[in-house]
Amino acid sequence: MQFLKHKVPPPLVAIICAFLSWVMSIGSMPIVDAHLTRLACSLILLFVAGFIGVSGVVSFNKAKTTINPLTPTKASSLVYTGVFQYTRNPMYLCLALVILAFCTYLATPISIFGLAVFIVYITEFQIKPEEQALQSLFKDEYAAYCKQVRRWL
């Protein structure tokens, strides 16, 4: 499955996984019937996701390094300030939270399967190859960073 590494843009993976969540929820009854409660919880998650995602992009722009997840070898600097003090992958965390917000709105436990697929896929075919590239570029500095900051949260 090496051919999948850095081939599918993460936002597209997130859309596919959200669609999978929706398909799996068809015919299932929501565990919470209150539409406004589901909507409010989903909007809160979307706000948090947006904050985390924008913070990550701003940090990359300040460091003048590539934001393109399909070409991690073009990274010009290691970013470990801002939101990167708490997660090594804020943009992927943002996408995961968007899917979680959608699953929250759907309110069917089976819909979480799409989120699980996203996390497994992104970890195996995006994050781990990125980590290898960053390790070869930034060596000891990246290894120390990995010891201090978790991959997701």
Side-chain angles (χ1 to χ4, degrees), residues 1-72 75 78-134 142 145-153:
M1 305 266 298
Q2 296 286 341
F3 67 93
L4 287 174
K5 291 183 179 180
H6 293 132
K7 297 294 187 243
V8 184
L12 179 59
V13 175
I15 290 168
I16 292 167
C17 291
F19 180 75
L20 177 63
S21 291
W22 175 72
V23 168
M24 294 192 75
S25 73
I26 294 174
S28 298
M29 292 297 297
I31 57 173
V32 177
D33 199 30
H35 176 75
L36 288 179
T37 302
R38 293 176 8 212
L39 181 62
C41 291
S42 296
L43 290 175
I44 290 167
L45 283 168
L46 285 175
F47 176 78
V48 171
F51 178 79
I52 291 170
V54 169
S55 296
V57 171
V58 167
S59 294
F60 268 27
N61 286 338
K62 281 183 182 177
K64 295 181 179 23
T65 191
T66 183
I67 195 167
N68 185 348
L70 303 180
T71 57
L78 181 61
V79 180
Y80 48 86
T81 58
V83 72
F84 287 91
Q85 296 174 75
Y86 309 103
T87 174
R88 296 195 312 253
N89 298 287
M91 283 77 105
Y92 302 139
L93 178 59
C94 168
L95 293 173
L97 288 172
V98 168
I99 296 170
L100 179 60
F102 185 58
C103 293
T104 300
Y105 181 75
L106 294 172
T108 57
I110 191 82
S111 67
I112 294 294
F113 182 74
L115 176 60
V117 169
F118 175 79
I119 291 170
V120 169
Y121 180 92
I122 288 296
T123 299
E124 288 302 314
F125 300 111
Q126 192 64 43
I127 294 174
K128 286 182 179 179
E130 277 180 14
E131 289 174 343
Q132 291 171 347
L134 293 172
Y142 185 70
Y145 173 64
C146 289
K147 287 180 183 174
Q148 292 176 341
V149 179
R150 292 180 176 199
R151 183 179 281 156
W152 285 95
L153 269 180

Check side chain to side chain donor-acceptor pair (under 3.5 Å) between [X] and all other residues, then give those that pass, not counting sequence neighbours.
X	answer
Tyr105	His35
Thr37	none
Trp152	Thr123

Test item: [X] and [Y] side chains (from C-beta on) under 4.5 Å apart, heavy atoms:
X	Y	result
Met91	Phe60	yes
Asn89	Glu130	yes
Val13	Phe125	no

Distance in Å, [X] [atom1] paired with [Y] [atom2], rounded so as to fall on 0.5 Å steps:
X	Y	atom1	atom2	result
Thr104	Leu39	OG1	CG	11.0 Å
Leu97	Leu153	CG	CG	7.5 Å
Leu45	Ile99	CG	CD1	12.0 Å
Leu43	Leu36	CG	CG	10.0 Å
Tyr92	Tyr121	OH	OH	10.5 Å

Original post:
Please, which pairs that meet salt bridge (Lys or Arg N to Asp or Glu O under 4.0 Å) have at least one residue in residues 85-109, sequence neighbours excluded?
Top reply: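 Listed by first then second residue: Arg88-Glu131.
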Original post:
According to the salt bridge (Lys or Arg N to Asp or Glu O under 4.0 Å) rule, which pairs have a member within residues 107-129, sequence neighbours left out?
Top reply: Glu124-Lys128
Which side-chain N or O atoms in residues 46-55 pair as donor and acceptor under 3.5 Å with protein atoms at least two apart or in another chain?
unit_1, atom_1, unit_2, atom_2, d
Ser55, OG, Phe51, O, 2.7

**OP:** With sequence neighbours left out, write down each residue that passes ring-ring contact (aromatic ring centres under 6.0 Å, His included) with Tyr142, or none if nothing qualifies.
**Re:**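 Per chain and number, Tyr142 pairs via ring-ring contact (aromatic ring centres under 6.0 Å, His included) with no residue.
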Original post:
Can you name the residues that form a ring-ring contact (aromatic ring centres under 6.0 Å, His included) with Phe102, not counting sequence neighbours?
Top reply: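 For Phe102 there are no ring-ring contact (aromatic ring centres under 6.0 Å, His included) partners, ignoring immediate neighbours.
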**OP:** Examine distances only and state if a side-chain atom of Gln126 and a backbone atom of Pro10 form a donor-acceptor pair shorter than 3.5 Å.
**Re:**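 No; judged by distance alone, with no hydrogens or angles, the pair does not exist.
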Original post:
Are the side chain of Ser21 and the backbone of Cys17 linked by a donor-acceptor contact shorter than 3.5 Å?
Top reply: yes
Original post:
Taking all non-hydrogen atoms of both residues, which atom of Ala75 and which atom of Thr65 are closest, and how far apart?
Top reply: CA-OG1, 3.4 Å
Original post:
How far apart are the closest heavy atoms of Phe84 and Tyr80, and which atoms are they?
Top reply: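 Looks like CB-CA, 3.8 Å.
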Holding to side-chain contact (heavy atoms from CB on, under 4.5 Å), I want the full list of residues that pass it with [X], two or more places apart in sequence or in another chain.
X	value
Phe113	Leu20, Met24, Val117
Pro30	Arg38, Ala107
Asn68	Thr66, Leu70, Thr71
Thr108	Ser25, Ser28, Leu106, Ile110, Ser111

Original post:
For Gln85 and Tyr145, does a side-chain donor sit closer than 3.5 Å to a side-chain acceptor?
Top reply: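 No.
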Original post:
Could you go step by step and tell me if Leu95 and Phe118 meet the side chain to side chain contact (heavy atoms under 4.5 Å, CB included) rule?
Top reply: CA-CA 9 Å; Leu95 293 173; Phe118 175 79; 3.6 Å; yes
